[in-house]
There are 2 protein chains.
Amino acid sequence: MLSKKTKYGLKALTFLASQKNRDPIQIAEIAKHENISQKFLESILLTLRRTGYLGSKKGKGGGYYLIKDPTEIPMTTVMRVLEGPIAMVSCVSLNFYEKCDDCPDEQACSVHKLMLKVRDSALDVYRNTTLADLIP
Amino acid sequence: MLSKKTKYGLKALTFLASQKNRDPIQIAEIAKHENISQKFLESILLTLRRTGYLGSKKGKGGGYYLIKDPTEIPMTTVMRVLEGPIAMVSCVSLNFYEKCDDCPDEQACSVHKLMLKVRDSALDVYRNTTLADLIP
DNA sequence: TTATTAATCTACTAAAACTATAGGATAAAC
DNA sequence: GTTTATCCTATAGTTTTAGTAGATTAATAA
């Protein structure tokens with residue numbers, strides 16, 4: 001299941017991307033519009049800022065705004081930042097590879113074989129979808 | 001991430017499917033061969049039996065054996081039994097649909113739009129993969 | 001300068017899910 | 001009737017998730 005963190009993060013990004021201009025939008029406004037706990041959203045936006053998707057401004061008239069063009073934000077990177085590895089087992093992960101400690105032979109492993117296909121199909125979707133595609 | 005339950009379940013199914021005949025195999029043997037905690041595997045095999053994939057026999061010479069032909073066991077049903085919904089959000093689930101309580105308009109939701117594509121791509125893999133395809 | 005506003009940061013907690021484990025009950029074989 | 005191995009329920013430990021609290025910092029406006 002998708003974590004709420006990812007869900008909320010995607011909604012916030014889409015909301016910011018759908019704005020007419022790139023003026024700062026307050027956390028409170030995003031939270032209210034998307035029905036998200038403000039404090040929780042706060043931490044999510046912070047990680048999105050640290051990763052370079054969002055800019056922020058403090059004080060009156062402050063808030064968050066999108067730095068990049070939505071067409072330049074592929075879902076591969078967004079999902080990795082918010083949700084973590086795209087692969088369902090680390091032994092088939094491109095960016096977070098780890099050997100399974102219980103599995104002697106990766107090539108003979110049925111889980112490996114299946115999850116490799118699942119990862120590829122998911123990657124195909126994420127690589128071909130940008131934030132711009134999600135704007136209603 | 002894939003749960004250990006699913007991982008172990010898949011390994012056990014593959015192990016049973018790769019046997020020459022359909023004689024009962026003891027839990028202990030499967031657990032040892034696949035490096036799985038025996039007690040944990042016990043409960044997994046139990047659910048697989050209740051779902052109709054496995055048969056069992058008690059007492060001496062007992063154990064678990066595959067009931068169906070591996071080519072007749074698609075990953076869609078196995079994954080749903082072991083892991084749960086294939087969709088990452090319930091609002092795009094075919095078998096476990098639930099409306100999101102925070103989302104006023106499903107059609108306008110960016111998460112819905114993205115996860116629909118991911119679900120379809122995963123379904124495509126699971127529908128076209130049977131247990132027979134996982135045997136090394 | 002001072003007050004106000006809104007993001008930043010650290011730390012903490014409650015709840016849920018996951019990963020087992022314990023131990024007796026049941027049924028089959030011998 | 002003893003041994004063997006599955007069946008079943010309950011429970012406990014750990015990790016992850018989701019959310020909260022409260023003080024700090026920076027920008028704006030008076």
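Numbers restart at 1 for each chain; the letters A, B, ... are given by sequence-line order, proteins then strands.
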Taking [atom1] from [X] and [atom2] from [N], how many angstroms apart are they, rounded to a whole number?
X: Tyr65(A); N: dA27(D); atom1: OH; atom2: C1'; value: 12 Å
X: Ile27(B); N: dT21(C); atom1: CD1; atom2: P; value: 14 Å
X: Leu2(A); N: dT16(D); atom1: CG; atom2: C1'; value: 15 Å
X: Asp23(B); N: dA5(D); atom1: CG; atom2: P; value: 15 Å
X: Ile30(A); N: dA6(C); atom1: CD1; atom2: C1'; value: 12 Å
X: Lys57(B); N: dA5(D); atom1: NZ; atom2: P; value: 12 Å
X: Lys58(B); N: dT6(D); atom1: NZ; atom2: C1'; value: 6 Å
X: Leu41(A); N: dC9(C); atom1: CG; atom2: C1'; value: 16 Å

Ile36(B) and Ile44(B): CA distance, side-chain angles, deciding distance, side-chain contact (heavy atoms from CB on, under 4.5 Å) verdict | CA-CA 11 Å; Ile36(B) 305 173; Ile44(B) 298 169; 5.6 Å; no

Name the closest nucleotide to the [X] side chain, picking from [options].
X: Phe40(B); options: dA20(C), dA26(D), dC9(C); answer: dA20(C)
X: Lys60(B); options: dC30(C), dA7(C), dT20(D); answer: dC30(C)
X: Ser3(A); options: dA18(D), dA20(C), dA27(C); answer: dA18(D)
X: Gln26(A); options: dA29(C), dA6(C), dA27(C); answer: dA6(C)
X: Arg50(A); options: dC9(C), dC8(D), dT5(C); answer: dC9(C)
X: Lys4(A); options: dA18(D), dA27(C), dA29(C); answer: dA18(D)
X: Lys39(B); options: dG19(D), dG23(C), dC9(C); answer: dG23(C)

Base of dG19(D) paired with side chain of Lys5(A) (donor-acceptor, under 3.5 Å) |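 It does not, because no donor-acceptor pair links the side chain of Lys5(A) to the base of dG19(D) below 3.5 Å.
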
Evaluate the criterion side-chain hydrogen bond (donor to acceptor under 3.5 Å, both in side chains) for residue pair Ser37(A) and Tyr8(A); output intermediate values, then yes/no.
-> CA-CA 9 Å; Ser37(A) 144; Tyr8(A) 296 161; over 6 Å; no

Give, for atom CZ of Arg127(A) and atom CE of Met75(A), the distance between the pair rounded to the nearest 0.5 Å.
-> 14.5 Å

Would Ser93(A) and Glu98(A) satisfy side-chain hydrogen bond (donor to acceptor under 3.5 Å, both in side chains), going step by step from the backbone distance to the final call?
-> CA-CA 8 Å; Ser93(A) 176; Glu98(A) 260 181 67; over 6 Å; no

Check ion pair Glu29(A)-Lys32(A) (N to O, under 4.0 angstrom) |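 A salt bridge is absent here (no side-chain N lies under 4.0 Å from a carboxylate O).
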
May I ask you to verify if any side-chain N or O of [X] is less than 4.0 angstrom from the OP1 or OP2 atom of [N]?
X: Tyr8(B); N: dA20(C); result: yes
X: Arg49(B); N: dC8(D); result: yes
X: Ser56(A); N: dA6(C); result: no

Please work out if Leu45(A) contacts a base, only the sugar-phosphate, or nothing of the nucleic acid, heavy-atom cut-off 4.0 Å.
->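 Leu45(A): no heavy atom of the nucleic acid under 4.0 Å.
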
Residue closer to the 5' end of DNA chain D, Gly63(B) versus Gln38(A) (nearest nucleotide) | Gly63(B)

Might you work through the side-chain contact (heavy atoms from CB on, under 4.5 Å) test for Val111(B) and Val89(B), ending with a clear yes or no?
-> CA-CA 8 Å; Val111(B) 177; Val89(B) 283; 4.2 Å; yes

Is there a donor-acceptor pair closer than 3.5 Å between any side-chain N or O of Thr129(B) and the backbone N or O of Tyr126(B)?
->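 No: the side chain of Thr129(B) does not pair with the backbone of Tyr126(B).
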
What residues 81-97 of chain B contributes to the DNA chain D interface at heavy-atom separation below 4.0 Å is none

For side-chain contact (heavy atoms from CB on, under 4.5 Å), just list the numbers for Thr51(A) and Val78(A), CA-CA rounded to whole Å, side-chain angles, deciding distance to a tenth of an Å, and then say yes or no.
-> CA-CA 9 Å; Thr51(A) 328; Val78(A) 173; over 6 Å; no

Given that Ser43(B) and Gly59(A) both sit by DNA chain C, which one's nearest nucleotide is further toward the 5' end?
-> Gly59(A)

